[in-house]
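In what follows, every heavy atom counts, from backbone to side chain, and hydrogens, waters and symmetry copies are set aside. Quick caveat: nothing in here was measured; it's all calculated off a predicted structure.
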Amino acid sequence: MPKEVATTPRILLATAVVLLCQACNGAPTETRLHEAKPGDALVIDGETTITLTKKFRAGTPNGLFDGGVMVSSPGAEERTVEVNAVCSMPDLPNWPDYDNIYGRWLESGEAPGAKGGDTDWQLLIYFDGTTQNKGGEDAPPWAQRLAQNACRKGEFSDN
């Protein structure tokens, strides 16, 4: 058997192993909130990663409260945020036509859920695709994606 023919399967096998290892060690992937554990990436928005630090407490009927996330971006200090979301559904009687996500930036050493009522930012995400900022400051760019993760299972997108 010629040498080139004998080595071709080895080359293919080596290439497959390298590609598999690269997939295992590649960039983090987004994890659905209902399946996430602390340390899992919930949102990857460009170079910013939003990681779960404290599981959300389920509320009735459609609320997710006192969850904690870490915001990491290259060249910026990591920040922790307490996040709450109230999820709605299109055409649900007596419910708003938007999802609501709001958050509060935490001080060093402060735990999510320790201090209720305060909100730094709030974002309403209407089912027609528009958004409305509420609160003292605009919601961070990743907030809409996090709301989709919290409120939509599956691919967590309204598009």
Side-chain angles (χ1 to χ4, degrees), residues 19-92 94-159:
L19 290 174
L20 183 61
C21 288
Q22 285 177 341
C24 295
N25 295 326
T29 58
E30 293 180 333
T31 302
R32 296 175 180 140
L33 180 63
H34 69 281
E35 297 171 343
K37 300 180 295 290
D40 288 343
L42 300 176
V43 173
I44 300 168
D45 183 24
E47 293 186 332
T48 301
T49 301
I50 311 307
T51 305
L52 182 66
T53 60
K54 179 186 177 229
K55 283 190 134 317
F56 285 69
R57 177 178 51 87
T60 19
N62 295 341
L64 299 165
F65 300 106
D66 300 331
V69 298
M70 173 74 67
V71 181
S72 304
S73 296
E77 188 176 330
E78 290 183 329
R79 294 184 78 184
T80 55
V81 189
E82 175 183 275
V83 177
N84 300 283
V86 179
C87 307
S88 192
M89 293 174 58
D91 304 318
L92 191 63
N94 301 317
W95 275 88
D97 59 345
Y98 57 82
D99 291 325
N100 181 0
I101 186 168
Y102 49 102
R104 182 174 64 86
W105 300 104
L106 299 176
E107 300 296 326
S108 179
E110 187 180 7
K115 182 177 161 188
D118 293 336
T119 300
D120 292 320
W121 53 265
Q122 179 179 18
L123 183 66
L124 306 181
I125 305 154
Y126 291 89
F127 296 127
D128 67 4
T130 60
T131 60
Q132 180 183 9
N133 275 292
K134 299 271 203 171
E137 62 187 66
D138 284 351
W142 46 263
Q144 183 169 355
R145 182 77 176 150
L146 183 58
Q148 289 172 337
N149 187 334
C151 295
R152 306 286 172 267
K153 295 181 180 174
E155 292 301 315
F156 54 88
S157 177
D158 287 332
N159 298 332

Quick one: pull up CD1 in I44 and CH2 in W142 and give me the separation to the nearest 0.5 Å.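 Answer for the CD1-CH2 pair, I44 versus W142, is 14.0 Å.
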Between [X] and [Y] (side chain of the first, backbone of the second, donor and acceptor by atom type, cut-off under 3.5 Å), is there such a pair?
X: Q122; Y: Y102; result: no
X: D99; Y: S88; result: yes
X: N133; Y: A139; result: yes
X: E82; Y: R104; result: no
X: D120; Y: W105; result: yes
X: K55; Y: A36; result: yes

Quick check: closest heavy atoms across G67 and P112, and the distance to 0.1 Å? O-CB, 3.9 Å
At their closest point, which heavy atom of F65 faces which heavy atom of N84, and how far apart are they?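 F65 and N84 have their closest heavy atoms at CA-OD1, 3.1 Å.
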Other residues, nucleotides and ligands only: do more than 12 of their heavy atoms fall within 6.0 Å of CD on E35? yes
Is the closest side-chain heavy-atom distance between V83 and F56 below 4.5 Å? yes
Do V81 and V71 have side chains that get closer than 4.5 Å, going by heavy atoms?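 With C-beta onward as the side chain, the pair touches.
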Given side-chain hydrogen bond (donor to acceptor under 3.5 Å, both in side chains), test S72 with T49 step by step and report yes or no. CA-CA 5 Å; S72 304; T49 301; over 6 Å; no
Derivation of the salt bridge (charged side-chain N to carboxylate O under 4.0 Å, His left out) call for R57 and D66: CA-CA 6 Å; R57 177 178 51 87; D66 300 331; 2.9 Å; yes
Could you list the residues that satisfy side-chain hydrogen bond (donor to acceptor under 3.5 Å, both in side chains) with Q144, not counting sequence neighbours?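 Counting only residues at least two positions away or on another chain, Q144 forms no side-chain hydrogen bond (donor to acceptor under 3.5 Å, both in side chains).
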Can you list the residues that meet the side-chain contact (heavy atoms from CB on, under 4.5 Å) rule with D128, with sequence neighbours excluded? Y126, T130
Can you tell which of T48, L52, T53 makes a side chain to side chain contact (heavy atoms under 4.5 Å, CB included) with I50?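 Of the listed residues T48, L52, T53, the side chain to side chain contact (heavy atoms under 4.5 Å, CB included) partner of I50 is T48.
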Side chain to side chain contact (heavy atoms under 4.5 Å, CB included) between D45 and R145: does it pass, once the steps are laid out? CA-CA 8 Å; D45 183 24; R145 182 77 176 150; 6.0 Å; no
